[in-house]
*Asks:* 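Take this structure, written in structure tokens, and hold onto it; I'll ask about it next.
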Amino acid sequence: IIHFGIREHAMGSIVNGITLHGLTRTFGGTFAVFSDYMRPAVRLAALMDIPSTFIWTHDSIGLGEDGPTHQPIETTSGLRYIPRMDVWRPADSTETAVAWVVAVESIHNPTSLVLSRQNTSFTKRTDAQIDLIRKGAYVLSEAEGGKADIILIATGSEVDLALKSQAALKEQNIKARVVSMPSTNVYDRQDQAYKDSVLTKGVKRVSIEAGVTDFWRKYIGLDGAAVGIDTFGESAPGGALFKHFGFTVENVVSTVKSIL
């Protein structure tokens, strides 16, 4: 274990150096927003095709009182745009475990794990669903009867909100499918048949992620909607911030109804 202190760029560079030397799998970790200080090393890991692993925590406004300087509103989406970088934002311990296994198995590309500060709810899955996590996105909860009126796409701590919103929509006779998408990069590499089985063509979509919304247009299209945050955060308890910025069942339901 190396205690780097506040030396993010040095940490990323040393992680890469150890990885390049071989025989040792290494990872470095810090707050997600401070990945900006590591960006040259992270980009070089992807450019060099080496399996460095970067673990970033405190992934959203959920970190609370530290305020907007520490809240990585745009960070996760920016990391996803780095070629050959697999970015995972898991919803709970099960998705985190799968993401870690995928990272360890990786040979030619770096992996980023973007994790929450706050506790997340555990969701029970079938063995088949656990296997599908490796594909980057999967149907976590199917619409009643298997035919969805709307698809809710969520990542990380917002997956639980999507599941609660699905239940609320059911009460209003709106059938929703919940898709957990822990890694957009990995999902994008799947064959078209699988991608269409998760995000069915012709069904409108709403994304739910505590970050910038423009990134999600490639999945929700121009007729979909995004529940996100397109401004810097504020300093307040995490739970209060989620509510303040519209990460509530009521807002998700209202958003869905506005596009149906």
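If you read the sequence from its start, that first residue is 1, and numbering goes on from there.
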*Asks:* Grab the two heavy atoms, one from Ile133 and one from Pro182, that are nearest each other, plus how far apart they are.
*Replies:*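 Distance-wise, the nearest heavy atoms are CG2-CG, 4.4 Å.
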*Asks:* Count the heavy atoms belonging to other residues, nucleotides or ligands that lie under 6.0 Å from CZ of Phe4, then report whether that count exceeds 12.
*Replies:*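 Check passes, neighbour count above 12.
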*Asks:* Relative to the ring of Phe215, is the ring of Tyr219 parallel (under 30°), tilted (30 to 60°) or perpendicular (over 60°)?
*Replies:*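 Ring orientation, 0 to 90° scale: tilted.
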*Asks:* Please name the pair of heavy atoms, one in Leu199 and one in Arg205, separated by the smallest distance, quoted to 0.1 Å.
*Replies:*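 Minimum heavy-atom contact is O-NH2, 3.1 Å.
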*Asks:* Are the side chain of Thr120 and the backbone N or O of Ala91 linked by a donor-acceptor pair below 3.5 Å?
*Replies:*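 Yes; judged by distance alone, with no hydrogens or angles, the pair exists.
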*Asks:* Out of Arg177, Lys170, Gln166, which residue meets the side chain to side chain donor-acceptor pair (under 3.5 Å) rule with Glu144?
*Replies:*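 It is Lys170, the one option of Arg177, Lys170, Gln166 that forms the side chain to side chain donor-acceptor pair (under 3.5 Å) with Glu144.
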*Asks:* Between Phe242 and Ser60, what is the shortest heavy-atom contact and its length?
*Replies:*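 Smallest interatomic distance, heavy atoms only, reads CZ-OG, 3.6 Å.
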*Asks:* Looking at Val33 and Thr69, what are the two nearest heavy atoms and their distance?
*Replies:*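 Result for this residue pair: CG2-O, 3.7 Å.
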*Asks:* Quiz question: by atom type and distance under 3.5 Å, do the side chains of Ser52 and Asn16 form a donor-acceptor pair?
*Replies:*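 Judged by distance alone, the side chains do pair up.
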*Asks:* Scan Arg89, Lys135, Arg125, Arg134 and name whichever one has a salt bridge (Lys or Arg N to Asp or Glu O under 4.0 Å) with Glu95.
*Replies:*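 It is Arg125, the one option of Arg89, Lys135, Arg125, Arg134 that forms the salt bridge (Lys or Arg N to Asp or Glu O under 4.0 Å) with Glu95.
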*Asks:* Between Lys257 and Gln172, is there a side-chain donor-acceptor contact under 3.5 Å, judged purely by atom types and distance?
*Replies:*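 Checked: Gln172/Lys257 side chains pair up, N/O donor to acceptor below 3.5 Å.
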*Asks:* Just by distance, do the side chain of Glu234 and the backbone of Gly67 share a donor-acceptor pair under 3.5 Å?
*Replies:*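 Checked: no pair found.
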*Asks:* Apply salt bridge (charged side-chain N to carboxylate O under 4.0 Å, His left out) to residues Asp92 and Lys124 and explain how you reach the verdict.
*Replies:* CA-CA 10 Å; Asp92 59 9; Lys124 187 175 181 179; over 6 Å; no
*Asks:* Pick from Thr26, Thr53, Thr24: which one makes a side chain to side chain donor-acceptor pair (under 3.5 Å) with Thr19?
*Replies:*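 Running side chain to side chain donor-acceptor pair (under 3.5 Å) over Thr26, Thr53, Thr24 with Thr19 returns exactly one hit, Thr26.
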*Asks:* Without hydrogens or angle criteria, can the side chains of Asn109 and Asp49 be said to hold a donor-acceptor pair below 3.5 Å?
*Replies:*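 Side chains of Asn109 and Asp49: no pair found under 3.5 Å.
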*Asks:* If we count only N and O atoms by modelled type, under 3.5 Å, do the side chains of Asp230 and Thr213 hold a donor and an acceptor together?
*Replies:*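 Yes, a side-chain donor-acceptor pair sits under 3.5 Å.
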*Asks:* Tell me whether Arg80 at atom CZ has more than 12 heavy atoms from other residues, nucleotides or ligands lying less than 6.0 Å away.
*Replies:*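 Result for CZ/Arg80: enclosed.
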*Asks:* Can you tell me if Tyr37 has over 12 outside heavy atoms packed within less than 6.0 Å of its OH?
*Replies:*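 No - once you tally the heavy atoms of other residues, nucleotides and ligands closer than 6.0 Å, there are 12 at most.
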